[in-house]
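Below you'll find the structure, written out as structure tokens, and then a few comments.
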Number of protein chains: 2
Amino acid sequence: MTGNSNKQTRIQGINRSIILDAALEVFSAYGFRGSTIDQIAEKAGMSKPNLLYYFPRKDDIYVTVLEKTLEDWLAPFKDIDPAGDPVEELRKYTIQKLKMSAQQPERSQLFANEILHGAPSIQKFLKSNLKRLVDEKAGVIADWIAAGKLAPVDPYHLIFMIWATTQHYADFDVQVRAILPEETAKADFFDKAADSILTILLNGIMPR
Amino acid sequence: MTGNSNKQTRIQGINRSIILDAALEVFSAYGFRGSTIDQIAEKAGMSKPNLLYYFPRKDDIYVTVLEKTLEDWLAPFKDIDPAGDPVEELRKYTIQKLKMSAQQPERSQLFANEILHGAPSIQKFLKSNLKRLVDEKAGVIADWIAAGKLAPVDPYHLIFMIWATTQHYADFDVQVRAILPEETAKADFFDKAADSILTILLNGIMPR
DNA sequence: GTCTATACTATGATAGAC
DNA sequence: GTCTATCATAGTATAGAC
């Protein structure tokens, strides 16, 4: 009977993952209240009751997707290496983040929507885990500045600025496309954006 | 009867404005689908049917608030003066935008929510009015660069960067507060934020 | 013209039966 | 694992009172 029970577990895992993929799409596009279980079920290719067999409540699906997304989303931030070259580390991080905005805007949008509406589901996470992580990386940046390897800027606001700028291309996607219709259609748009952003971030806009 | 009709018109004007204020609060906090007419009516201190007497449909309230907000929101951008000193104009604009994020985060949040979910109500506005305006100001910046008054950066991405960064303090308010609990409590938080941002924007983070 | 009370209807989350 | 029923919510409509 082990073979049988294993198979069921595997189906469960597959179905849960299908549901979560569908939920990410729907929730990121319409927000929590704006999304319906019907929509998610349809996109997942299963009936609503069947979906509810895996996640009894709408909120369960949402929180699961959100937590899963946060992990991925913060991975490159965690990867900032105190031992690396400061400018290179921040350049790498910015490019990485921008690439994620290009390839998986839904993750950014899901997160943005949650924060925008007061972060009802992840308040605690922000105040504990995220704060701790940001404090740590801000410390790293402060050390770099103390060592003269970066200009003396506020580490926290620098982090906010990189977050804001890179996520803008995911969260405000439709606005960017409305303003730059031809450019955004090109394959190298995000490479060019990365160049432009890094030029400003590294050197500023004051004439030399 | 002119006195009478004037008085009625005045009541209309007052009530409409009360409703729109309440609607801004509610819609910015919960998004379109997440907000209910009941919530708006309660915050406006009137019954739901009474509110519907002024705005027959939920969508009417939303669109009216959104359009009204956009006007205010873009005013300082329009004010960027081609004849002014480039660095000073952009500094002024950034500070102004940041001040608005501090004082009226709801406006930014309402707008962010609309864009985030695909801008269903203002697609046309983005592609026509906003695009035209941004093209114009990007031209101004390009001229400044050509005159050697600004470093050679991409005008569009510079504008996006200023928007993203300044609006971040409104849209991601709860996150900023979660990470900087003591600092955000202080009265001069936004002044310091402005300093930090402008230092990075003007000079970059490369060590000199 | 302004406001209230009430009712209708669709939607969507959830529970229980098969 | 699936289908149907329920129940609350919320948008909208109507009738009429002040």
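Just so we're clear, the structure is a prediction, and the values are computed from it rather than from any experiment. Residue numbering restarts at 1 for every chain, and letters A, B, ... go by the order of the sequence lines.
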Salt bridge present between B/Lys68 and B/Asp72 (N-O < 4.0 angstrom)
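No, B/Lys68 and B/Asp72 are not salt-bridged.
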
Salt bridge or not between A/Arg91 and A/Glu88? Use side-chain N to carboxylate O under 4.0 Å.
yes

Just wondering, are more than 12 heavy atoms of other shown residues or ligands nearer than 6.0 Å to [atom1] in [X]?
X: B/Phe55; atom1: CZ; value: yes
X: B/Glu42; atom1: CD; value: no
X: B/Tyr156; atom1: OH; value: yes

Could you check how far [atom1] of [X] sits from [atom2] of [N], rounded to whole Å?
X: A/Tyr54; N: C/dA13; atom1: OH; atom2: C1'; value: 20 Å
X: B/Asn15; N: C/dC3; atom1: CG; atom2: P; value: 5 Å
X: A/Lys58; N: C/dG12; atom1: NZ; atom2: C1'; value: 8 Å
X: B/Tyr53; N: C/dT2; atom1: OH; atom2: C1'; value: 5 Å
X: B/Ile14; N: C/dC3; atom1: CD1; atom2: P; value: 10 Å
X: A/Leu52; N: C/dA13; atom1: CG; atom2: P; value: 9 Å
X: B/Lys48; N: D/dT12; atom1: NZ; atom2: P; value: 9 Å
X: B/Asp59; N: D/dA10; atom1: CG; atom2: P; value: 18 Å

Less than 4.0 angstrom between a side-chain N/O of [X] and OP1 or OP2 of [N], yes or no?
X: B/Gln12; N: C/dG1; answer: no
X: B/Arg57; N: D/dG11; answer: no
X: B/Ser47; N: C/dT4; answer: yes

Within the structure shown, what part of the strands sits under 4.0 Å from A/Phe55 by heavy-atom distance: base, sugar-phosphate, or nothing?
nothing

When you compare the side chains of B/His157 and A/Asp195, does any donor N or O come within less than 3.5 Å of an acceptor on the partner?
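Result is no, nothing qualifies.
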
Strand-adjacent residues in residues 27-34 of chain B, judged by heavy atoms under 4.0 Å from DNA chain C:
B/Arg33

Which nucleotide in the set C/dA13, C/dC3, C/dG1 lies at the smallest distance from any side-chain heavy atom of B/Ile11?
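The answer is C/dC3, which lies nearest to the side chain.
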
Considering only side-chain heavy atoms of A/Asn50, which listed nucleotide, C/dT6, D/dG1, C/dC3, is closest?
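From the listed options, D/dG1 comes nearest.
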
Parallel, tilted or perpendicular: rings of B/Phe160 and A/Tyr169 (30°, 60°)
perpendicular

Closest to the 5' end of DNA chain C, once A/Thr36 and A/Pro49 are matched to their nearest nucleotides, is A/Thr36

